[in-house]
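Report on one structure; see the data block that follows.
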Amino acid sequence: MPDYCKRGFLLTDEIAPRPSDERLKERKVAFIECPQEIPCNACVFSCKFDAVEMENINAPPRVIYENCTGCMKCIRVCPGLAIFMLEIKDGKGRITMPYEFLPVPEKGDTVSLLNRKGEIVGEGTVTWVLPPEKNEGTALVTVEMDKDLLFEVRAFRVR
Amino acid sequence: MGRLQEHPVVQFRRGKKVTIYFDGKPMEAYEGETVAAALYANGVRIFSRSFKYHRPRGFFCAIGKCSSCMMEVDGIPNVRTCKVYVRDGMQIRSQNSYPDVNNDILGVFDRLDFMFPHGFHYKKFIRPSFLRLFFVNSMRKFTGLGNFPKEEIKERGREETLECDIAIIGAGPAGLSSAIYAGELGADICLMDENPRVGGQLVKQTHRFFGSAEHGAGTRGIKIAENLEKKVREFDNVNISLNTGVFGIYDGTIGAVKDNTLIEIKPKKIIIATGAYERTLIFENNDLPGVYGAGGVQTLMNVYGVKPGDTGLIVGSGNVGLILTYQLLQAGVDVAGIVEAMPVIGGYFVHAAKVRRLGIPIYTSHTIKKAYGSKRVEGAQIVALDDKWQEVPGSERDISCDFICISVGLSPTHELLYQAGAEMRFVPELGGFVPVRNRYMETSREGVYVAGDAAGIEEASTAMIEGRIAGLDSAIKLGYGDKEAEEMRDKFVSDLEEMRRGPFGARILKGLEKVVV
Ligand SMILES: Cc1cc2nc3c(=O)[nH]c(=O)nc-3n(C[C@H](O)[C@H](O)[C@H](O)COP(=O)(O)OP(=O)(O)OC[C@H]3O[C@@H](n4cnc5c(N)ncnc54)[C@H](O)[C@@H]3O)c2cc1C
Ligand code: SF4
Ligand code: SF4
Ligand code: FES
């Protein structure tokens, strides 16, 4: 059993290979944190651009960053809430995260940023929201933050 | 009061406001709520008293399996209040307590238990012999459950006989799938469930489901239930009978009760898809009100929109415990932590990651030692376990919480299978006693099929495929369908194999080796 099964979170050296800064600057890209073999393939079937690879239904998914158009189909359906859209825009990092709590933040709101362990690591500004009613209850929220936090922040708390 | 007004995922459609009376006190309730849910929303925590020592008991399962919520309803004793729905003017009385269930003076027996280490009977109060009868009669007044109705019940029961091709017991994902696939082939079907709605466990699963995209992965459980229901209602040849509890199978004839009607069903084939029970755990004060089954809390919170408390402690980190934690947070309830006896988290990593990143601690290699409180949970003590499962002295720590959810696994419901005459085996990997069967889910008793959690604890996705296989095979054996139906059935058999190929499936496969012939 890998150690993350004891902890419940990934360490930075356990996550998938990162897309390059150049790629992140081009357009947003799906980043998946689903390392365990579980019987699920919702992401593969949702992607119309062959950007998610999986050997069989139990194998972990892998994103082919070149193919990913940033369409966000996969993040909408992932039952593990394990997909994050990452992007670098105007020197700032932007993460789009699924959000299933109330209240749903609004564009311009300041939120506390949480890492994989739930520790507050900074604050960010909401730049875009897909309201929950447009996605069967799961809102998508884009938060702008320091670019160095792109691979650290995985949740936020509305203040 | 204790009702949720808004929720990020569920819309609670409450019925008309009505008034019910609990021990004479008026309380607000909404049509469509169970009595137990309405009482809980009004702050009732003690539902009954244990029948000897009068220890306070709360609800546990919320689906009619544990009997700890029994009260007198409109004069009828021992009614499971989690199974009956409120009606305007309903009179509910606590039983087996004096003056009432909250302040039961007979609770003093619990303080005197050192005097009766074996209980009351056999050794105490038998001498002097001329007083024995007096003792017995007095004890009967203090113990037992409920009082006889004061008036004679005049209403007469009715009887009914039904015939059909396939009788399906249980309308969870497994039973519904059986009905849809056998219905499609044209078989005449009777689908029964003791609940007032179809969907089984799915009706409280507000999260998106895993599985294969072909079988609805990424869809919320509640939505899967809706889709299945819509589909099954399209068939005129599927007769859906809700509020219908099956109590026995006698030589291929099914006995069921609906309201005051006794139904005798004579089917050609039977599919048993009755799901599972929640297990409990042994620790000090595990019967205190506030110690609930995880599924019970989900029912209360996600079906009826009633808040279980302010801060919960979750025992068990399987998928059920992890998902429940997430759902509690969604309902605005705090979670103090998740306790897991194993050195690793039991459920899927992604479920664990969802709650970890919200700061919920998961204590692996820990267990719950006791619950604090006299009439309701006021806290808990947890303790670390070493690699030999022994408590580590001095590692105890107190957790402040006002309820505790037990999610230490499920066991298949096996009663009807035994009664039908199927050969049963104890298979720990599958959760308990399960029937020997072939790859098409037919048990050793010809014509009796099993599907879903009743065949072994797994998931909704596998339950649905098993249901389809059982539905197709039973209909095919009755002469419905053609070659195509057989091919479809065989494809589902290989789909199942494919799904079980991962590490989580390995355990299931090991279990199946012991029962699939
Ligand atoms: C908290 C939780 C989370 C879960 N998450 C997932 C997940 O993410 N993905 C996944 O694939 N699965 C998940 N599951 C598992 C899934 O819900 C179950 O495996 C599935 O519901 C089993 O289906 P079933 O039809 O066998 O049983 P059930 O859904 O339990 O249905 C059984 C039905 O039979 C009825 N019944 C029982 N006895 C009788 C009787 N004597 N007479 C009449 N009716 C009777 C019951 O009322 C019930 O409606 C989860 C389960 C729980 C509890
Ligand atoms: S964002 Fe769109 S293109 Fe990229 S992986 Fe997801 S579904 Fe495929
Ligand atoms: S849909 Fe989500 S949970 Fe399922 S395999 Fe893909 S990333 Fe993992
Ligand atoms: S029977 Fe009602 S709570 Fe268990």
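In what follows, every chain begins at residue 1, and chains take the letters A, B, ... in the order their sequences are listed.
- With sequence neighbours excluded, the residues that form a salt bridge (Lys or Arg N to Asp or Glu O under 4.0 Å) with E498(B) are R501(B).
- For Q36(A), the part lying under 4.5 angstrom from a heavy atom of chain B is the side chain only.
- Only the backbone of E33(A) comes within contact range of chain B, judged by heavy atoms closer than 4.5 Å.
- In this structure, chain B has a heavy atom under 4.5 Å from the backbone of R76(A), while its side chain stays farther away.
- Looking at S46(A), there are no atoms closer than 4.5 Å to chain B (heavy atoms on both sides), in backbone or side chain.
- Counting heavy atoms from C-beta on, the side chains of N58(A) and R500(B) never come closer than 4.5 Å.
- Residues of residues 8-15 of chain A lying within less than 4.5 angstrom of chain B, judged on heavy atoms, are G8(A), F9(A), L10(A) in numerical order.
- Of the options I38(A), N41(A), I57(A), a side-chain contact (heavy atoms from CB on, under 4.5 Å) to F210(B) is made by I38(A) and by none of the others.
- Of the listed residues (T138(A), V44(A), D3(A)), the one with the most heavy-atom contacts under 4.5 Å to chain B is T138(A).
- Considering only heavy-atom pairs separated by less than 4.5 Å from chain A, the leading option among A217(B), A331(B), P8(B) is P8(B).
- Here the CE-SG distance, from M342(B) to C5(A), works out to 11.0 Å after rounding to the nearest 0.5 Å.
- Note on P39(A), P2(A), A42(A): by heavy-atom pairs under 4.5 Å with chain B, the leading option is P39(A).
- Looking only at distances, a side-chain donor or acceptor of Q330(B) sits under 3.5 Å from a matching main-chain atom of E100(A).
- The number of heavy-atom neighbours closer than 6.0 Å to CZ of R13(B), taken from other residues, nucleotides and ligands shown, is 12 or below.
- Per-residue counts of heavy-atom pairs under 4.5 Å with chain B were compared for C78(A), G80(A), G137(A); the largest is that of G80(A).
- Within the 4.5 angstrom heavy-atom criterion, only backbone atoms of N115(A) (N, CA, C, O) approach chain B.
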Scan the side chains in residues 346-364 of chain B for donor-acceptor partners under 3.5 Å anywhere in the protein, sequence neighbours excluded, and list what turns up.
{"unit_1": "Y348(B)", "atom_1": "OH", "unit_2": "E459(B)", "atom_2": "OE2", "d": "3.1"}
{"unit_1": "H351(B)", "atom_1": "ND1", "unit_2": "K354(B)", "atom_2": "NZ", "d": "3.3"}
{"unit_1": "K354(B)", "atom_1": "NZ", "unit_2": "P79(A)", "atom_2": "O", "d": "2.9"}
{"unit_1": "R356(B)", "atom_1": "NE", "unit_2": "R7(A)", "atom_2": "O", "d": "3.3"}
{"unit_1": "R356(B)", "atom_1": "NH1", "unit_2": "I360(B)", "atom_2": "O", "d": "3.3"}
{"unit_1": "R357(B)", "atom_1": "NE", "unit_2": "R154(A)", "atom_2": "O", "d": "3.4"}
{"unit_1": "R357(B)", "atom_1": "NH2", "unit_2": "L81(A)", "atom_2": "O", "d": "2.7"}

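- The local environment of NZ in K307(B) is crowded, with over 12 non-hydrogen atoms from other residues, nucleotides or ligands closer than 6.0 Å.
- With respect to chain B, the highest number of heavy-atom pairs below 4.5 Å among E119(A), K117(A), E133(A) belongs to K117(A).
- Looking at every heavy atom in both residues, K6(A) comes nearest to I345(B) through O-CD1, 3.8 Å.
- Applying the ring pair (Phe, Tyr, Trp, His ring centres under 6.0 Å) test to residues at least two apart or on different chains, the pairs with a partner in residues 94-124 of chain A are Y99(A)-F101(A), Y99(A)-F156(A), F101(A)-Y326(B).
- In the displayed structure, K48(A) atom NZ is contacted under 6.0 Å by more than 12 heavy atoms of other residues, nucleotides or ligands.
- Contact annotation for E340(B): neither backbone nor side-chain heavy atoms come within less than 4.5 Å of a heavy atom of chain A.
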